[in-house]
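What follows is one structure encoded as structure tokens, with my remarks underneath.
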Amino acid sequence: MVTAFRRVVKAGFVGFWRNAYVSLASIFVLTIALFVIGATMFLNQLLGTSLATLQSKVDINVYFVPDAPLEEINRIKAAVEALPDVAEVKFTSREDALAEYRERNKDNTIALQALEELDENPLGANLAIQAKETSQYESVARFLDEQRELEQPQTPIIDEINFARNKDSIDTLTSIIKATERASFIILGILLIAAVLITFNTIRLAIYTSREEIAIMRLVGASNMFIRGPFMLQGIMYGFISGVLALLLFYPLLIWVGPRTAAFFELNLFDYYLVHFGEIFGVLVGIGVVLGLVSSTLAVARYLRT
Amino acid sequence: MIYFDNVSKIYNDGRSAALQEVTFQVAPKEFVSIVGHSGAGKTTLLKMIIAEDRPSHGQVFFESLDVHRIPKTKLPNYRRKIGTIFQDFKLLPHKTAYENVAFAMEANGRTDAEIAENVPHALSLVDLDDKAWNFPSELSGGEKQRVAIARAIVNQPDIIIADEPTGNLDPIATYEVVQILRKINDLGTTVIMTTHNKGVIDEIERRVITMDGGRIVRDDSTGKYVL
């Protein structure tokens with residue numbers, strides 16, 4: 001048993017070297033397939049991150065009237081925070097709002113002069129609310145509207161809720177995000193299927209050149225496992241080498257692309273590659289090995305049927 | 001040792017028959033030549049013995065074993081009892097002469113020590129000690145066939161089956177191959193060989209079965225080539 005295993009392993013390596021051109025062709029195709037799969041993974045990551053960034057920029061702002069009592073504001077803040085859909089609530093006090101206004105308009109002398117004319121701070125406090133999902137803003141907005149209706153008409157607290165104003169752009173964004181996710185999922189699926197089929201066919205052709213050999217092995221009384229073993233090992237070797245090659249290809253590419261994606265998508269792909277190297281290595285080499293092994297096993301099986 | 005019982009092979013179209021009601025037996029240590037024109041059914045007959053082809057009717061026995069009732073998983077074991085030699089040599093192109101012979105032993109599950117001892121022995125029996133590390137593409141036709149013979153005998157099979165072993169060889173290589181087969185037979189191995197080389201048959205002076213149209217038409221104990 002041990003002897004047979006050792007012989008199969010040796011035959012696998014020897015076959016790999018003596019069929020160097022065929023091995024090279026298989027590795028080449030498998031590398032491209034894995035590169036495509038890897039590129040799709042990076043693209044998905046990029047999309048995912050940029051969607052998250054976009055989503056974090058969407059919020060609902062509740063502006064309170066300047067003389068709204070602090071305890072009332074805190075009550076509403078606590079109530080909003082208690083909602084299951086809400087991810088984060090950021091409170092900006094009247095003083096902070098004024099400071100922000102000054103900062104934003106520091107080049108606008110007219111606006112600052114107008115502010116000087118007033119003897120008190122005209123700005124109210126506000127809450128910036130972020131939901132966990134863009135689709136959940138609707139329910140948060142509805143909750144806030146209900147709060148507003150409960151108020152005493154003569155002493156209003158909430159001055160304005162800007163969700164209605166942003167509603168259309170939020171809706172559009174939500175549908176764009178969903179469509180992009182769906183499209184990238186379909187593209188990933190198609191690329192995966194194509195990569196699997198191309199790899200399978202290439203390895204099948206590689207083994208087609210060995211069909212005579214397989215027939216001879218059977219004639220001298222080799223068992224099916226003894227014949228299949230070296231081809232299975234070669235499939236694994238193709239997959240492993242291709243996975244490593246694809247990873248190496250990404251390195252210079254991502255050094256170049258990284259800063260560009262950082263500027264546009266707020267994610268440096270090269271940093272992502274370095275941080276998640278183990279994971280990416282596992283996925284690419286793993287897919288490669290499984291693909292190589294399954295392809296070669298299926299291809300040899302054709303010639304082992306009696 | 002080999003017994004054909006009323007064996008016929010009819011192809012799927014239902015009309016052309018490769019073998020028709022063939023019955024004969026081969027005793028241990030015999031040297032049997034099967035002659036006939038191409039298409040007479042010689043190769044089909046040999047394929048029946050190694051279970052590469054199935055009969056439409058009849059049975060083929062190896063000793064008491066019905067060859068076509070051997071389960072698929074046991075076929076490799078059965079084939080190890082038979083050494084096969086072909087007109088086109090059927091050597092593994094990516095293995096050296098030594099490795100080709102050794103492969104038959106590896107497939108048999110022999111130990112490295114046995115392989116190291118028997119392979120050089122088999123190669124020297126066919127007079128190829130000096131070409132052991134050449135690949136088939138570096139050998140002449142006669143040398144390739146001698147490698148194939150070494151591979152066939154290295155596991156000490158009960159029987160050697162040779163399908164036109166001299167078909168691709170020049171007269172000198174033919175003579176050498178026939179001498180080697182006779183030597184193997186003299187050492188006690190049964191040999192069944194097909195050929196259409198008259199000189200070979202007359203040289204051997206052993207049993208000759210003549211086939212025509214899938215039937216056995218003559219069976220002479222010390223035959224000459226009559227066609």
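Order of the sequence lines fixes the chain letters, A, B, ..., with proteins taken first and strands second; residue numbering starts at 1 for each chain.
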Discussion item. Is it true that, when you exclude B:W133 itself, more than 12 heavy atoms of the residues, nucleotides or ligands shown sit nearer than 6.0 Å to its CH2?
Written reply: yes
Worksheet entry | Among B:R80, B:K90, B:E106, residue most engaged with chain A (heavy-atom pairs, under 4.5 Å) | B:E106
Item to complete: Check the surroundings of atom CD in B:E117: do more than 12 heavy atoms from other residues, nucleotides or ligands lie under 6.0 Å from it?
Response: no
Worksheet item: Which bit of A:I216 is near chain B, if near means a heavy-atom gap under 4.5 Å: side chain, backbone, both or neither?
Response: side chain
Worksheet item: Any side-chain heavy-atom pair from B:L92 and A:E212 closer than 4.5 angstrom?
Response: no
Discussion item. At a 4.5 Å cut-off on heavy atoms, which part of B:T111 comes close to chain A: side chain, backbone, both, or neither?
Written reply: backbone
Worksheet entry | By side chain to side chain donor-acceptor pair (under 3.5 Å) - contacts of B:E21 (at least two apart) | none
Discussion item. Counting only non-hydrogen atoms closer than 4.5 Å, can you tell me which residues of residues 220-234 of chain A sit against chain B?
Written reply: A:V220, A:G221, A:A222, A:S223, A:F226
Worksheet entry | Spatial distance of atom CG (A:L219) from atom CZ (B:R79) [nearest 0.5 Å] | 6.5 Å
Worksheet item: Tell me, side chain or backbone of B:R151 under 4.5 Å from chain A's heavy atoms, or both, or neither?
Response: side chain
Discussion item. So for B:I161, is it side chain, backbone, both, or neither that comes closer than 4.5 Å to the heavy atoms of chain A?
Written reply: neither
Worksheet item: If you measure from the Lys or Arg side-chain nitrogens to the Asp or Glu carboxylate oxygens, is any gap between B:E99 and A:R18 under 4.0 Å?
Response: yes
Fill in: Residue pair B:P93 / A:E213, side-chain heavy-atom distance below 4.5 Å
yes
Worksheet entry | Flag if over 12 foreign heavy atoms under 6.0 Å of CZ, A:R6 | yes
Worksheet entry | Residue B:F86 versus chain A: region with a heavy atom under 4.5 Å | side chain
Worksheet item: Does any heavy atom of chain A fall under 4.5 Å from the side chain of B:F135, the backbone, both, or neither of them?
Response: side chain
